[in-house]
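A short worksheet on the structure shown next.
Lettering of chains follows the sequences in order, A, B, ..., and the numbering in each one begins at 1.
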Protein chains: 2
Amino acid sequence: MRDTVQKRQYANNHISIDSVVLGFDEQQLKVLLVPQQVNMDGKIIIYRKFPGNIIYQDEDMEEAAHRTLEELTGIHGVSMYQFKTYGSRNRTSKPKDLIWLQQTLNIKVERIVTTAYLSFVKLDANILHSTKRYAVTWVPVNNVGELAFDHNTLLNDALAYFRKLVDYCPLIMFELLPRKFTILQLRTLYEFICQKEMDVRNFQKKMVQMEYVVPMDEHEEGVRHRAARFYKFDKVIYNKTRR
Amino acid sequence: MRDTVQKRQYANNHISIDSVVLGFDEQQLKVLLVPQQVNMDGKIIIYRKFPGNIIYQDEDMEEAAHRTLEELTGIHGVSMYQFKTYGSRNRTSKPKDLIWLQQTLNIKVERIVTTAYLSFVKLDANILHSTKRYAVTWVPVNNVGELAFDHNTLLNDALAYFRKLVDYCPLIMFELLPRKFTILQLRTLYEFICQKEMDVRNFQKKMVQMEYVVPMDEHEEGVRHRAARFYKFDKVIYNKTRR
DNA sequence: GCAAAAGTGTTGGGCATACACCCATGA
DNA sequence: TCATGGGTGTATGCCCAACACTTTTGC
């Protein structure tokens with residue numbers, strides 16, 4: 001796909017895609033950011049933003065979401081959940097954002113409508129390796145600082161959407177967890193989502209009841225306390241039980 | 001607002017707004033449609049579509065949603081819930097839709113990205129009167145026939161979104177019900193939303209427990225059975241109890 | 001008086017909550 | 001042996017679901 005990029009035409013300078021990619025490093029929830037580098041009066045300033053770009057004339061929006069994400073981060077093959085479209089007149093009014101649009105995309109626009117997508121990755125050695133060639137950073141969602149455009153708003157909306165999504169579709173949690181996970185990891189993630197602490201015993205009980213969370217024979221190794229059992233998520237059972 | 005319409009400039013020919021407006025006529029849920037009239041080889045063909053139009057260069061999207069709805073239906077002052085943006089290449093590919101865009105909006109476009117909003121009105125004499133000057137029709141949501149563009153998809157998504165929305169925000173139901181309503185009306189609406197029948201006694205009980213559904217002294221009149229009590233929705237109590 | 005819908009209570013089961021102690025392991 | 005976190009059972013209250021008959025009214 002990357003080979004054809006140069007030949008294609010932007011739909012226009014007004015419609016873009018941004019992707020909020022979440023990952024869970026077994027302690028906390030992190031979000032993927034790419035640099036927004038601006039040359040302001042000869043001084044290089046770096047902000048951060050979500051990966052995204054203008055869509056092409058001949059591609060569907062979700063296609064554009066996948067393409068821009070891969071171009072900017074190397075990540076591909078993830079599910080994308082469209083959560084909101086932003087079209088405020090003022091969202092592209094900060095001087096540094098305007099300069100960036102001109103210097104980087106080589107376009108002059110008064111406004112850009114952007115459709116935001118949310119996706120989830122397993123934040124493991126695999127993903128860290130495949131994104132190594134790109135200037136991406138993973139930042140704890142509670143500590144992103146000031147982002148470009150209205151991306152701080154995007155993040156808040158993305159997290160709110162994420163919390164509701166999990167209600168309807170707990171499957172999402174297993175997109176974030178490693179293939180083998182402990183109940184502690186699952187609980188840490190769940191507590192972040194619900195924003196409250198869970199009772200250890202009750203949580204354990206609830207997980208055992210869910211047939212699609214299946215215990216493995218493996219346990220943790222090298223921990224200086226009793227080793228926790230690993231569990232895995234069974235998609236087949238999940239689809240059966242939830243119709 | 002309508003006076004300035006002619007002087008303003010479309011942002012471009014690629015971004016539009018469509019509004020799915022739901023109303024409840026005390027029996028069933030209906031949706032508001034406007035005609036899409038096309039002159040095809042001298043023959044006038046009429047389809048139906050949701051009210052909507054291209055946005056202006058200098059207006060926010062939600063502003064555009066309110067404006068287009070008022071221009072096409074006279075409805076104003078309603079809440080608007082953005083639920084999805086549609087950008088498939090093929091969504092404006094049907095010949096009749098292309099002709100309509102050319103004949104009515106006088107534009108030639110390959111594709112239009114549209115952001116869809118959902119809103120709710122009390123389907124009473126008031127709204128029927130204020131929309132009388134416009135060519136609007138109210139059609140049962142289960143029986144809309146073939147709509148223009150991808151508007152059948154929009155409707156399905158709108159209804160799915162509506163159902164989830166009510167979960168988080170039961171207030172929506174009272175935007176649809178008349179100011180004075182009976183428990184039967186509320187239950188009919190609720191059953192449509194949940195797509196299953198509710199037990200009469202359990203439902204009654206649940207409603208009585210909700211402090212923001214307050215019984216009135218009035219009863220139905222002229223019914224040939226025991227008259228039902230009217231209830232009203234108290235927003236103040238609602239906001240208190242739901243923080 | 002009859003047809004049609006309103007209104008009204010009780011019971012049982014399942015689910016969420018609250019709560020404290022022993023176990024396995026590495027240092 | 002100690003520090004650390006893993007793993008387990010029981011009792012209680014609440015909410016939800018199931019279920020049938022009497023009341024009011026117009027015709």
For R67(B), is there an ion pair with E63(B) - N to carboxylate O distance below 4.0 angstrom?
no
Residues within residues 205-229 of chain B bordering DNA chain D, heavy-atom distance below 4.0 Å
K205(B), V223(B), R224(B), H225(B), R226(B)
State which residue, out of F174(B), F230(B), F233(B), fulfils the ring pair (Phe, Tyr, Trp, His ring centres under 6.0 Å) condition with F181(B).
F174(B)
Just jot down the side chain to side chain contact (heavy atoms under 4.5 Å, CB included) partners of H219(B), sequence neighbours excluded, or say none.
A227(B), R229(B)
Sequence neighbours left out, what passes salt bridge (charged side-chain N to carboxylate O under 4.0 Å, His left out) with D124(B)? Give chain and number order.
none
For D60(B), which residues count as a salt bridge (charged side-chain N to carboxylate O under 4.0 Å, His left out) partner, sequence neighbours excluded?
R89(A)
Below 30° counts as parallel, above 60° as perpendicular, anything between as tilted: where do the rings of H151(A) and F50(A) land?
parallel
Test of understanding: with salt bridge (charged side-chain N to carboxylate O under 4.0 Å, His left out), list the residues that count as partners of E26(A), not counting sequence neighbours.
none
Considering only residues two or more places apart or on different chains, which pairs with a residue in residues 152-165 of chain A satisfy salt bridge (Lys or Arg N to Asp or Glu O under 4.0 Å)?
K84(A)-D157(A)
Taken in chain and number order and not counting sequence neighbours, the residues that satisfy ring-ring contact (aromatic ring centres under 6.0 Å, His included) with F24(B) are none
Y47(A) ring centre to K96(A) NZ or CZ under 6.0 Å, with the angle to the axis within 45°?
yes
Going 5' to 3' along DNA chain D, which are the first and last nucleotides with any atom under 4.0 Å from a heavy atom of chain A?
dT4(D) to dT10(D)
Give me each pair satisfying salt bridge (Lys or Arg N to Asp or Glu O under 4.0 Å) with a member in residues 198-218 of chain A, each pair once, sequence neighbours excluded.
K180(A)-E218(A)
Could you tell me the boundaries of the chain B footprint on DNA chain C, defined by atoms under 4.0 Å from its heavy atoms?
dA4(C) to dT10(C)
Near-strand residues of residues 181-203 of chain B, defined as heavy-atom separation under 4.0 angstrom from DNA chain D
D199(B), R201(B), N202(B)
Residues at least two apart in sequence or cross-chain that pass salt bridge (charged side-chain N to carboxylate O under 4.0 Å, His left out) with E197(B), listed by chain then number, are none
